Amino acid sequence: MTEIRTRFAPSPTGYMHLGGLRTALYAYLFAKQRGGKFILRIEDTDQEREVPGAVALIYEDMHKAGLDYDEGPDVGGDFGPYIQSERKDMYRPFAMQLVDSGAAYPCFCTKEELQARRDAVTAAGGQFKYDKHCLHIPKEEAKRRMESGEPYVIRQNIPETGVASFEDLLYGHVETECAILDDNVLIKADGLPTYNFANVIDDHSMQISHVIRGTEYLSSTPKYNLLYEAFGWQPPTYMHLPVVMKDATRKLSKRHGDPTFEDLLEQGYVRDAIINFIALLGWAPKDDREFFTLSELVEGFDTDGLSKSPAIFNTDKLRWFNSEYIKKMSLEDYLNAATPWFDSVLKGKEFDYHRLAELMHGRTEIFSEIPAMIRFLAELPDYAVDLYSHKKMKTNSDLSLTVLKLALTTVEALQDFSEDSLKESLMQLATENEWKTGQVMWPVRVALSGMPSTPGGATEIAYLLGKDETLQRMAIGINFLEQFKSLQQS
RNA sequence: GGCUCCAUGGUCAAGCGGUUAAGACGUCGCCCUCUCAAGGCGAAAUCAGGGGUUCGAUUCCCCUUGGAGCUGCCA
């Protein structure tokens, strides 16, 4: 049995979109599971679309994703070069071979001419298809014009009758009438091949056994098989994958502001959560299992579980995965990951990061949300009196004022400013006055945070803030409530 | 428009002729609780429509509808 070789062949257009990442992931899993090779190839035959630095970004993203390839531009391999622009001289001889056999022909029609004709036909409501005009140029004349330096392209000569087809691992038998197929350009006027040609030559010469790519190629694959036939080559096994959508009608795209892999990482999603989520977007295991590391995916992945229809990228579920992955982190790992986010609002102040990490660990869904959750620690936000009224806590601004005054004295008297002693003394205050716990804790927490909800209760926040700041904020609260009261009475 | 492909709750989806049509996210309710989370328990919610085939269709076939991809000297 021949070796399994799959490849991921992105174009360096500037970013790694999530659909591409998923395609890469499946191609990787497919190869790795069977002890095969996973190859990275850069498809940069369109110099106009190339974005500087994009190639390096692809390497970086692949490594960040953990999708290490066995062969590729930056890691070498026996079938290089792995960048199409560096292979440019390899394509023409193959194209000329097809010209000789009649499976292709040179075409001297200019882009402008063709565009004009295309527009005319389209405007008339018709369907433009190249009319094989240049196929009928006598061979000698064509040869003379090619040698004269006249610009030309090489087109695939598609039979006018019959059908072209292939078997897809996911979609099954796919076929198209040759009559409706256009004579695609194989070699452009600039001498570089189009995707239509390069993918065939490269997949064959790199001995790719399984071509795994997006469905955008599904309907043109029969044409590629015609090329394999013309060369007398064995076509690879194909597997096309549905696109990833942002909603029911639009696919995910950077242009419309949808996040790329890189963006998600920056927003504080963890790599393994993204991979896990992406893997399940279009693939389902035999059982109900949800959590997979990359290596577990290598083991568990199977093509049976793949879905044929497009999946919508659902941020809620990713968020959930992310929070689950964060919960699985050790406290130490969490603290390391969270520290820069803590710093972003607390830097320069003294805070017990370890305790803060304990409080935040189970509450963090996305790292980027940390600052908004803890900013109140750095600075007491403005808040409305209504915050002191809480139905469920059975309290209001009047009671809060009474409680806060007593609580201030209680806290002031504390020698040991630990959470335990804070809690003990405040609970005692409640018992003595026959208040419910919440009737004491709520106003204290509000005075300390100015927030309707906080990561941690009154005593935990008091501890984090420290005694001085705690007393200060309680005093502010008392003042605030007294002002409000006198204002009400007048 | 033409061609190719797809179609189970809001989302990801299991199901591969006979099921009370799984599970997860999300939503809602209850419990727990010094707020919020987390956790526990529970609930609502799906086979796009119409024809066939069959004793029996979510499942097989056809049509309609809806959606996607392709229709470039882009990939």
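Nothing here was measured: the structure is a model prediction, and the numbers come from that model.
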[X] side chain: which of [options] is closest?
X         : options                   : answer
Asp182(A) : rG72(B), rA68(B), rC25(B) : rG72(B)
Lys317(A) : rG69(B), rC74(B), rA24(B) : rA24(B)
Tyr171(A) : rU35(B), rC5(B), rA75(B)  : rC5(B)
Leu218(A) : rC12(B), rC5(B), rG69(B)  : rC5(B)
Thr194(A) : rC73(B), rC6(B), rA24(B)  : rC73(B)
Lys327(A) : rC70(B), rC12(B), rG39(B) : rG39(B)
Arg363(A) : rC12(B), rA37(B), rA75(B) : rA37(B)
Leu114(A) : rU35(B), rC73(B), rC12(B) : rC73(B)

Using the [atom1] atom in both, what is the distance from [N] to [M], to the nearest Å?
N       : M       : atom1 : answer
rA14(B) : rA24(B) : P     : 15 Å
rC28(B) : rA44(B) : C1'   : 7 Å
rA21(B) : rA57(B) : C1'   : 13 Å
rG18(B) : rA37(B) : C1'   : 46 Å
rG2(B)  : rU54(B) : P     : 34 Å
rC36(B) : rC30(B) : P     : 13 Å

Which part of the nucleic acid, if any, lies within reach of [X] when heavy atoms closer than 4.0 Å are counted: base, sugar-phosphate only, or nothing?
X         : result
Ala458(A) : base
Glu177(A) : nothing
Met393(A) : sugar-phosphate
Thr454(A) : base
Lys129(A) : nothing
Ser449(A) : nothing
Cys109(A) : base
Thr437(A) : sugar-phosphate
Ala248(A) : sugar-phosphate
Lys111(A) : base
Gly214(A) : nothing
Met451(A) : nothing
Val153(A) : base

Within 45 degrees of the axis of the six-membered ring of [Y] and under 6.0 Å from its centre: does [X] put its NZ or CZ there?
X         : Y         : value
Arg92(A)  : Phe94(A)  : no
Arg145(A) : Phe108(A) : yes
Arg155(A) : Tyr130(A) : yes
Lys223(A) : Phe166(A) : no

For Ala164(A), does its backbone N or O pair with a side-chain atom of Asn225(A) as donor and acceptor, under 3.5 Å?
-> no

Which whole-number value in Å describes the distance from [X] [atom1] to [N] [atom2]?
X         : N       : atom1 : atom2 : value
Leu241(A) : rC5(B)  : CG    : C1'   : 13 Å
Lys223(A) : rC70(B) : NZ    : P     : 12 Å
Leu387(A) : rC36(B) : CG    : P     : 12 Å
Asp168(A) : rC6(B)  : CG    : C1'   : 13 Å
Arg375(A) : rC36(B) : CZ    : C1'   : 18 Å
Phe313(A) : rG10(B) : CZ    : C1'   : 17 Å
Tyr217(A) : rA75(B) : OH    : P     : 8 Å
Trp320(A) : rA38(B) : CH2   : P     : 12 Å

Name the pairing partner of [N], where a pair is Watson-Crick or G-U wobble with both distances under 3.5 Å, or state none.
N       : result
rA14(B) : none
rC3(B)  : rG69(B)
rU59(B) : none
rC30(B) : rG40(B)
rA22(B) : none

According to a strict under-4.0 Å criterion, is [X] in side-chain N/O contact with OP1 or OP2 of [N]?
X         : N       : value
Ser323(A) : rA38(B) : no
Lys188(A) : rC74(B) : yes
Arg118(A) : rC73(B) : yes
Lys246(A) : rA68(B) : no

CD of Glu160(A): more than 12 outside heavy atoms within 6.0 angstrom?
-> no

Nearest-nucleotide comparison on RNA chain B, the residue closer to the 5′ end among Ile180(A) and Met427(A) | Ile180(A)

Would you say the ring centroid of Phe480(A) lies under 6.0 angstrom from that of Tyr383(A)?
-> yes

For residues Tyr325(A) and Trp320(A), establish whether the separation of their ring centroids is below 6.0 Å.
-> no

When Asp272(A), Leu280(A), Ile275(A), Ile278(A) are each screened for side chain to side chain contact (heavy atoms under 4.5 Å, CB included) with Phe321(A), the one that passes is Leu280(A)

